[in-house]
Student: 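Here's a structure for you.
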Amino acid sequence: MSFNIRTHTCGELREINTGKKVVLNGWVDRRRDLGGMIFIWLRDRYGITQVVFEPDLNKDAYDLAKKLRNEFVVSIEGNVRKRPDDAINKELETGRIDVLAEKLMILNEAETPPFLIKDDTDAYEDLRLKYRYLDLRRPVLQKVLILRHKMYQLTRKYFDDNRFIEVETPVLMKSTPEGARDYLVPSRIHKGKFYALPQSPQQYKQMLMVSGFDRYFQIVKCFRDEDLRADRQPEFTQIDVEMSFVTEEEVFTVVEELMKLLFKEIWNIELSLPIVRFSYEDAMTKYGSDKPDLRFGLELHRLNEVFANTEFNIFKKALSSNGIISGLVAPGCSSFSRSQIDGLTNFVKQLGAEGLVWFKVQDEGFDSPTAKFLSKDEINKLKSVINAKPNDLILILAGEIKPTLSRMGSLRLELAKKLDLNKLGTKPSLLWVTDFPLFEWDKNTKRFYAMHHPFTSPKLEDIDLLEKDPGSIKAQAYDLVLNGNEIAGGSIRIHKSDLQSKMFKALGISDEEAQQKFGFLINAFRFGAPPHGGIAFGFDRMVMLFAGVDSIRDTIAFPKTASAVSLMDDSPSPVSEEQLNELHLKIREKT
């Protein structure tokens with residue numbers, strides 16, 4: 001079917017176009033039949049224009065318009081006219097005009113959609129994901145994808161302007177499982193062998209530095225077969241960056257200038273540089289998180305000195321085992337009911353805490369079942385150190401350092417949520433977290449794991465501790481945090497094969513295993529690898545935060561569910577016996 005080529009989009013026409021003959025193409029968003037006239041809203045990704053059909057102008061077009069239903073695809077020819085003052089729709093950018101239709105062509109009819117195509121739909125997400133092509137017609141999602149496109153273009157131009165080159169790295173690579181599980185791809189040609197989809201281009205970008213490409217970036221798909229949540233997908237997008245002959249400070253400068261550009265172009269906010277920095281230790285001690293949200297206060301306080309001589313058993317037990325007593329003040333929250341406090345207690349118990357110590361601060365003292373176990377001196381010191389005032393609520397946990405601080409961090413976020421402190425519109429919080437530990441100790445396997453990845457360089461002054469005291473080594477690693485979300489992580493890399501071998505040894509990786517997994521990178525280091533470092537941004541998460549949506553699924557055109565299923569095309573799905581035979585595979589039934 002032929003149709004007239006559109007002259008304007010549905011979001012384009014204004015009063016200046018009054019009297020002009022136009023052709024619009026799009027979807028019927030809604031239809032009203034007032035007897036003598038028919039009104040439709042015509043929608044495309046640019047906006048909505050009201051179209052009016054009158055029988056006196058064109059009876060055929062008017063009669064055909066009676067057949068229109070939501071989501072019909074149509075082409076309309078007509079004249080732009082100015083609306084009367086009392087008919088202006090200020091909610092539409094085109095609300096001062098409408099189009100008086102002279103011709104109508106139905107390009108395609110549509111069945112009734114399974115849910116209304118509107119921003120505030122109440123359809124369940126699973127239904128929307130099954131009909132994602134309909135869900136994507138909603139303006140709210142189209143705006144997010146257009147924002148994503150804009151961020152792509154700003155990023156590419158920024159790195160190009162700063163002498164970076166974009167290099168594509170392989171999607172089929174060697175399986176080197178370290179952290180999350182690899183997605184494996186069986187080889188038809190090489191029986192019994194597999195490719196892996198890259199969890200990141202980490203090793204390839206380091207080899208590009210060995211190759212002399214001193215400034216690399218790539219907007220790249222990565223794959224991890226891991227348990228999912230709202231801000232994770234099995235396939236996701238990174239802005240991947242690597243540079244040669246750089247220090248941490250130079251990496252920070254490149255990243256900060258990119259963030260300054262995005263803040264300005266997306267949010268129209270002038271970002272002040274340099275970005276504030278916290279050491280990992282300070283972030284954990286003050287906020288209970290290595291990705292602290294600084295849009296609100298509720299800072300944690302270390303209270304070990306306050307209760308150094310306490311007889312209160314819970315605190316005494318924590319101090320005797322070299323643990324921590326950590327507390328925070330919830331301003332003005334002494335009005336919390338007992339059931340509200342019990343709710344917070346149950347919250348921390350679900351995280352593994354034995355209980356929650358609380359005090360309501362009053363003019364005459366503390367209201368708390370715990371107050372009777374504390375001396376007057378301890379109460380006075382606590383009020384002073386934690387800066388508590390009448391009508392405040394003090395919350396305290398005690399125990400092993402890392403889990404206690406982590407629980408306090410979660411409690412802090414839960415309080416902020418209940419008090420609506422982290423709502424949209426608050427000034428964004430952007431910060432660096434630096435000086436991470438190089439290793440994490442796992443109690444179950446009784447071995448060290450790399451906190452970031454095994455190619456992260458230790459602080460140069462700590463290298464001698466690799467064999468003596470690995471747990472005390474600091475890494476040349478850094479994370480960028482926006483509104484309590486890690487949006488980028490990177491490090492200065494190891495570039496000498498002997499130091500890389502020591503790192504593998506500290507991780508319990510034998511020479512044979514290291515050669516098997518990472519031999520091509522280790523071998524490359526022997527031929528003159530420059531000092532290098534970089535960073536990788538979680539692009540989907542960045543778009544989520546800049547767009548102000550709750551899930552990265554809303555930033556991806558065709559996402560998977562939380563169980564890694566695509567409801568729209570029903571993947572993953574079975575394959576034929578013939579395909580399995582070609583790949584030398586057989587499905588073994590569970591017994």
Side-chain angles (χ1 to χ4, degrees), residues 176 178-179 200 202-203 205-207 209-210 214 242-253 277-285 290 302 321-324 400-402 405 432-480 489-536:
T176 57
E178 187 67 36
S200 80
Q202 182 62 45
Q203 296 173 66
K205 69 179 180 180
Q206 289 191 248
M207 284 191 289
M209 299 302 104
V210 178
D214 67 323
E242 199 77 4
M243 294 173 278
S244 294
F245 308 110
V246 291
T247 63
E248 289 181 64
E249 293 298 329
E250 290 169 284
V251 176
F252 291 164
T253 297
R277 300 180 194 179
F278 283 83
S279 69
Y280 170 84
E281 185 175 349
D282 281 347
M284 291 300 299
T285 302
D290 60 2
R302 189 177 186 275
S321 59
N322 295 317
I324 192 170
E400 191 180 345
I401 293 176
K402 189 171 181 180
L405 288 175
W432 287 107
V433 178
T434 64
D435 299 332
F436 283 85
L438 186 65
F439 300 109
E440 289 182 289
W441 178 256
D442 186 276
K443 289 182 179 179
N444 297 323
T445 59
K446 299 189 183 305
R447 56 162 285 195
F448 283 111
Y449 288 87
M451 181 169 269
H452 280 71
H453 56 65
F455 313 109
T456 300
S457 175
K459 295 280 188 182
L460 298 182
E461 61 270 23
D462 290 349
I463 288 176
D464 291 342
L465 299 173
L466 272 170
E467 296 178 359
K468 302 173 188 175
D469 187 13
S472 67
I473 299 176
K474 295 288 192 297
Q476 295 189 65
Y478 34 82
D479 283 354
L480 188 64
S491 66
I492 299 300
R493 325 299 188 188
I494 295 170
H495 68 282
K496 291 186 177 181
S497 55
D498 57 343
L499 179 56
Q500 187 66 70
S501 296
K502 288 180 181 178
M503 180 73 169
F504 287 145
K505 186 176 180 181
L507 290 168
I509 300 174
S510 67
D511 291 343
E512 182 180 4
E513 184 183 1
Q515 190 63 37
Q516 180 188 11
K517 287 183 176 179
F518 313 110
F520 58 101
L521 182 61
I522 297 171
N523 293 337
F525 284 173
R526 297 192 179 108
F527 293 93
H532 58 282
I535 196 165

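From a predicted model like this one, the values you see are computed outputs, not experimental measurements. Values reported hereafter were calculated over all heavy atoms of this structure, with side chains retained and with hydrogens, waters and symmetry mates removed.
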Student: Considering all heavy atoms of both residues, which atom of F439 and which atom of A506 are nearest to each other, and what is their separation?
Tutor: CZ-CB, 3.7 Å
Student: Looking only at heavy atoms, what is the nearest atom pair of L521 and Q206, with distance?
Tutor: CD1-CB, 4.0 Å
Student: Which heavy atom of V210 sits nearest to which heavy atom of A524, and what is that distance?
Tutor: CG1-O, 3.7 Å
Student: Between W432 and D479, is any pair of side-chain heavy atoms under 4.5 Å apart?
Tutor: no
Student: Given 3.5 Å as the limit, does a donor-acceptor pair link the side chain of Y478 with the main chain of S491, or not?
Tutor: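 At least one qualifying donor-acceptor pair exists.
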Student: Look up atom CE in M243 and atom CD in E250, then write down how far apart they are to the nearest 0.5 Å.
Tutor: 7.5 Å
Student: I'd like to check T456 versus Q476 (side-chain heavy atoms, cut-off strictly below 4.5 Å). Are they in contact?
Tutor: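 Counting from C-beta outward, T456 and Q476 never come under 4.5 Å.
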Student: If you round to the nearest 0.5 Å, how far is CZ of R526 from OG of S497?
Tutor: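 The distance works out to 5.5 Å.
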Student: Distance-only, no hydrogens or angles: does the R447 side chain make a donor-acceptor pair with backbone N or O of L507 under 3.5 Å?
Tutor: yes
Student: Take the angle between the ring planes of F436 and H452 and call it parallel below 30°, perpendicular above 60°, tilted in between.
Tutor: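 Rings of F436 and H452: perpendicular, over 60°.
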Student: How many angstroms lie between CD1 in I535 and CZ in F252, if you round to the nearest 0.5 Å?
Tutor: 8.0 Å
Student: Can you list the residues that meet the side-chain contact (heavy atoms from CB on, under 4.5 Å) rule with H495, with sequence neighbours excluded?
Tutor: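 With neighbours one apart ignored, the set is A529, P531, H532.
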Student: Say you draw a straight line from CD1 of I463 to CG of L438; how long is it, rounded to the nearest 0.5 Å?
Tutor: 10.0 Å
Student: Can a salt bridge be assigned to the pair E249 and R277 using a cut-off of 4.0 Å between side-chain N and carboxylate O?
Tutor: yes
Student: Using a strict threshold of under 4.0 Å (side-chain N to carboxylate O), is an ion pair present between E400 and K443?
Tutor: yes
Student: I'd like to check F455 versus Q203 (side-chain heavy atoms, cut-off strictly below 4.5 Å). Are they in contact?
Tutor: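 In contact.
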Student: Measure the CG-CG distance between D469 and D462 for me, rounded to the nearest 0.5 Å.
Tutor: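 Interatomic distance, D469 CG to D462 CG, rounded to 0.5 Å: 9.5 Å.
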Student: What heavy-atom pair brings N322 and I401 nearest, and what distance separates the two atoms?
Tutor: O-CD1, 3.6 Å
Student: Atom NZ in K505, atom OG in S510: separation rounded to 0.5 Å?
Tutor: 12.0 Å
Student: Looking only at heavy atoms, which two atoms of V433 and D290 are closest? And how far apart?
Tutor: CG2-O, 3.4 Å
Student: With heavy-atom distances below 4.5 Å as the criterion, would you say the side chains of L466 and I473 are in contact?
Tutor: yes
Student: I'd like to know whether NZ of K502 has more than 12 heavy-atom contacts from other residues, nucleotides or ligands below 6.0 angstrom.
Tutor: no
Student: For E467, check side-chain contact (heavy atoms from CB on, under 4.5 Å) against everything at least two apart and list the hits.
Tutor: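 Listed in chain order: nothing, the list is empty.
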Student: Hey, does D435 have a side-chain heavy atom less than 4.5 Å from the side chain of D282?
Tutor: no
Student: Does atom CD of E512 have more than 12 heavy-atom neighbours, drawn from other residues, nucleotides or ligands, at distances under 6.0 Å?
Tutor: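 It does not: E512 CD has 12 such atoms or fewer within range.
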Student: Can you check whether R493 reaches M209 side chain to side chain, under 4.5 Å on heavy atoms?
Tutor: no
Student: May I ask you to decide if the ring planes of F448 and W441 are parallel, tilted or perpendicular, using 30° and 60° as cut-offs?
Tutor: perpendicular
Student: Got F525 and D498 here, is their nearest side-chain heavy-atom distance under 4.5 Å?
Tutor: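 No. Closest side-chain heavy atoms not under 4.5 Å.
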Student: Report yes or no: does Q500 contribute a side-chain atom to a donor-acceptor pair with the main-chain N or O of P454 at less than 3.5 Å?
Tutor: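 The answer is yes, because a donor-acceptor pair under 3.5 Å joins these two groups.
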Student: Are the side chains of F504 and D511 in contact, using a 4.5 Å heavy-atom criterion?
Tutor: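 No, side chains not in contact.
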Student: Using every non-hydrogen atom in the two residues, find where I522 and A514 come nearest and quote the distance to one decimal.
Tutor: CD1-O, 3.9 Å
